[in-house]
Amino acid sequence: MVAVMSATGSGLVTMRDVFAARHRLRGRARRTPLEVSPRLSAHTGRAVSLKLECEQATGSFKLRGAVSALAALSDDARRRGVVAASTGNHGRALAHAAREAGAQAVVCISELVPQNKVDALRELGADVRIAGASQDDAQLEVDRLVAEQGLSEIPPFDHRGVIAGQGTIGLEIAEDEPGVDTVLVPLSGGGLAAGIGLAVATAAPGARVIGVSMERGAAMAASLRAGRPVDVIEQRSLADSLGGGIGNDNRFTLSMVQAFVADVVLVSEAEIAAAMRYAYREERRVLEGAAAVGIAALMSGRMSELGDRVVVVASGRNVDMDAFTRVVAHGWDGPGAHIE
Ligand SMILES: *Cc1c(COP(=O)(O)O)cnc(C)c1O
């Protein structure tokens, strides 16, 4: 049994949590396919498979963490409802998971969030509250709702139930690709890498988990170097789902990534765009930028110590399709290819 003490000593995330999450996810989140990629295998001279979390309901793996965290709440807490400040894949996942669980999800956003994202969240049943002009203002509204109305905050990564939910991906990888020796995982706040790292350490011991982030604003990579959470300047990236910091009061993911992630590779915008094009044209898959970073790392040829049986986690497919078609047609510096 592998366990990691969080920096503040406030608890452990253990394999027991991951198995509990697997039980809770049954019938509520998909067991996604793991598919061999003949072309990536030929390109690298290794056996390369893709773990297709882009096929997950709501379009990203975030559903696992949201379902797991919601199911772990007491009936009473679930009745009061849950809240988060995410506009992206976590907000979508939480809205969907809450609706399925018969609970209300409140998603707090700033007035800068574009209307199409607001509409998408409302369509999934979220109660969207617009609060202030920044992400910080939205978070203040979350804090207020937690304090005054007793809602439970479900954050996107630094949460025991969320990490355990993402860890179920690691169990499935170990089962579907026995002998896996390398797992490439997109890395931002680190919930995905922490959960997969924990599960792989037990279920596929010896396999190396490698985090992949974009060069532009890789907060976890900077925090690993500093040995504590550090803020980085947020920049526009094709991998928009990998933006943001790891939280100054990080409890779980930094120490877990330190323990379970062997290396971090950074990829450029051009490499991400090339990987999105590749996935679309050769694999017939729509991947958002964040989900293509593992393929980008493989194709870059800069991976040292790559094993013989490689699994690449393709984490999601939520991308603006107009911007996507420009990227796959023209590459990252084509006309209007940048994704907001
Ligand atoms: C959130 C997200 C990630 C990164 O997950 P973390 O747990 O924050 O490291 C990667 N890919 C996609 C598609 C995401 O939505």
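We count ligands from 1, going down the list as the structure has it; atoms in each ligand are counted the same way.
Polar contact check, G190 against ligand 1: a nitrogen or oxygen pair lies under 3.5 Å apart. For G191, a nitrogen or oxygen atom sits less than 3.5 Å from a nitrogen or oxygen atom of ligand 1, counting backbone and side chain alike. On a distance-only criterion, K62 and ligand 1 share at least one N/O pair closer than 3.5 Å. In terms of polar-atom proximity, L192 is counted as a contact of ligand 1, with an N or O under 3.5 Å from an N or O of the ligand.
Per-residue contacts place L242 under 4.0 angstrom from the following atoms of ligand 1 (heavy atoms of the residue considered): 3 (C), 4 (C), 10 (C). Below 4.0 Å from some heavy atom of N89 lie the following atoms of ligand 1, by number and element: 13 (C), 14 (C), 15 (O). Atoms of ligand 1 lying under 4.0 Å from at least one heavy atom of E288, given by number and element, are 13 (C). Annotation for ligand 1: atoms under 4.0 Å from non-hydrogen atoms of S241 are 1 (C), 2 (C), 12 (C), 14 (C), 15 (O). Atom numbering of ligand 1 starts at 1 in the shown order; those under 4.0 Å from a heavy atom of P186 are 10 (C).
Ion pair D119/K117 not flagged as a salt bridge, since none of the NZ, NE, NH1 or NH2 atoms sits closer than 4.0 Å to an Asp/Glu carboxylate oxygen. Under 4.0 Å is where a charged nitrogen must lie from a carboxylate oxygen, and between R317 and E288 no such pair does. R99 and E123 are not joined by a salt bridge, as no carboxylate oxygen comes within less than 4.0 angstrom of a charged side-chain nitrogen. In this structure, R64 pairs ionically with E172, as a charged nitrogen and a carboxylate oxygen lie closer than 4.0 Å. Ion pairing between R31 and E55 fails under the 4.0 Å rule for side-chain N and carboxylate O.
No side-chain donor-acceptor contact under 3.5 Å links S49 and E35. Between the side chains of T32 and E53, at least one donor-acceptor pair of N or O atoms lies under 3.5 Å. One side chain, T253 or N250, offers a donor N or O that lies under 3.5 Å from an acceptor on the other.
Ranking protein heavy atoms by distance to atom 12 (C) of ligand 1, first place goes to S315 OG, 3.4 Å. F61 CZ, 3.5 Å is the protein heavy atom nearest to atom 5 (O) of ligand 1. Ranking the protein heavy atoms by distance from atom 8 (O) of ligand 1 puts G189 N, 2.9 Å first.
Atom CZ of R39 has 12 or fewer neighbouring heavy atoms from other residues, nucleotides or ligands inside a 6.0 Å radius.
At a 4.0 Å heavy-atom cut-off, ligand 1 does not touch A291 at all.
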